Protein chains: 4
Amino acid sequence: MTCESGKMFFQIDSTNGIPVYEQVARQVTFAVANGALQSGELVPSVRQLARELAINPNTVARAYRQLQDQNILESRRGTGMVIANGARPICKTERTRILRERIGYVIDEALQSQLTKEEIQKLFQSELGKKRGK
Amino acid sequence: MTCESGKMFFQIDSTNGIPVYEQVARQVTFAVANGALQSGELVPSVRQLARELAINPNTVARAYRQLQDQNILESRRGTGMVIANGARPICKTERTRILRERIGYVIDEALQSQLTKEEIQKLFQSELGKKRGK
Amino acid sequence: MTCESGKMFFQIDSTNGIPVYEQVARQVTFAVANGALQSGELVPSVRQLARELAINPNTVARAYRQLQDQNILESRRGTGMVIANGARPICKTERTRILRERIGYVIDEALQSQLTKEEIQKLFQSELGKKRGK
Amino acid sequence: MTCESGKMFFQIDSTNGIPVYEQVARQVTFAVANGALQSGELVPSVRQLARELAINPNTVARAYRQLQDQNILESRRGTGMVIANGARPICKTERTRILRERIGYVIDEALQSQLTKEEIQKLFQSELGKKRGK
DNA sequence: GTGGTCTAGACCACG
DNA sequence: GTGGTCTAGACCACC
């Protein structure tokens, strides 16, 4: 599932084990970290985004609630949710934390399978090579 | 939780999000892939392994049942479960499949966060460097 | 034990030696093979079906899990289990496989008892004649 | 697993769901029904048969115990087990009972799968045709 | 509400 | 002793 909404580009995979609300929250976080979304900008409304992603509005609401708790979003009554002041450094830190954590888990698992670091390195390169991106 | 049982060394982390039965199954799979367990060898009995890992026998049984469905284990009535004939290639393939899949997910997520391949590569190296292992 | 649930008609005999979860799984398989259940349709929820058949929810869950492993069902988080895309051909094949296998076993046993094919044929006709059905 | 022992020819399949002891008992029953074994004849000793079939002696013993209960075998102290007087009619009846029962189960299952009697008939012919035998 | 995981403990069949 | 099935009931995440 992918969709473009405002300045955001969402890509949801409901089969990869990561909760949908978590994926939504992360993608907002990442967009702020990149500078794609700036403090004060409106994010898509709960209902609109839910419609566009064909997911339950509760799921979007939960993602936004979590972002509020992290001081990344704040609600403007009568207007919607906007990127909070000071969100960018939080998001950058958060982005690195999330990615490092997930990379660490994968490495742990590979080590546990008795692969050597070198073999893990090779697998990683091989997968990275398959992907298109900068 | 770690334990040594027969030729196997188990390490279970009940807090990392991966179901315990899945961790047990993977570790058997990995051990066969490594050659630590060979076709015809008995694996620890459901009850014994459950006792040693301090988990419920049903959880071990579920892991073993899944391995049966994958033609990695077969049950010998009244005797126990043994590594099936032809299990090793299955396990090797399975090991690579599991690790590649998980690596792929992490890379996807990192790319989506607008990191460049080079940046992802650096993060990976940094995390791999932190680990001890061969 | 019989029950009607949604488009399904279940008939469970807990004394015939075939595990209850297996009977549940087969009946879903057969219903898909017949076209009574179509891709995308929800099957009865684990809890509801368990209540209606007066069995334990875990037993139903096990049947459904097995069907998931066979790519016949897929779970929609928070929604329920639906018939997977492409389930029908799988179910048709599976139905024939199951029945042929069981017929084959019976014939083997009869041959081993030194009955001739003709005698086996007669026994079969005689039993088939006793049954009511189309 | 197959073996020839005295006048008996045993064929054991430990994967077809029928308990091994039951398969042993049935094959003795069938041999008596055919006249291959006659009243007063010795059957192979528990230990010898167990060795030849590579199964547990307890399993053979259990089969023989069941046959004793059915008045098909009787033990001669210091000699072994022999086919009892009057065993043949018992075995003939028993053979038909067993086969009819198993055929009935299979037909029931096929009917439950919504196959018509005609379709079941065809499946049966097809499987019978595959077998070699008289 | 949904499914998923896990525990605890029973009973059975088999060797 | 072994695995296999089933029950009862808890807790969690998700929608």
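Labels below follow one simple rule: chain letters A, B, ... track the order of the sequence lines, proteins then strands, and each chain is numbered from 1. It should be emphasised that the depicted structure is a prediction, and the values quoted were computed from it without experimental measurement.
For B:T79 and F:dT2, the shortest distance from a side-chain N or O to OP1 or OP2 is not below 4.0 Å.
Residue A:A63 comes nearest to A:A25 through the heavy atom pair CB-N, 3.9 Å, listed as atom of the first residue, atom of the second, then distance. For the residue pair B:E52 and B:E4, the shortest heavy atom distance occurs at OE1-O, 3.7 Å. Counting all heavy atoms, side chain and backbone alike, C:E41 lies closest to C:A36 at OE2-O, 4.0 Å. Scanning both residues, B:C3 and B:L49, for their nearest heavy atoms gives SG-CD1, 4.3 Å. Considering all non-hydrogen atoms of both residues, C:A84 and C:N71 come closest at CB-O, 3.6 Å.
If you measure from atom CG of B:L42 to atom C1' of F:dT2, you get 10 Å, rounded to the nearest angstrom. Between B:L49 atom CG and F:dG3 atom C1' the separation is 14 Å, expressed in whole Å.
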Across nucleotides 4-11 of chain E, 5' to 3', mark each nucleotide with B, S or - according to how protein heavy atoms within less than 4.0 Å reach it.
SSBBBB--
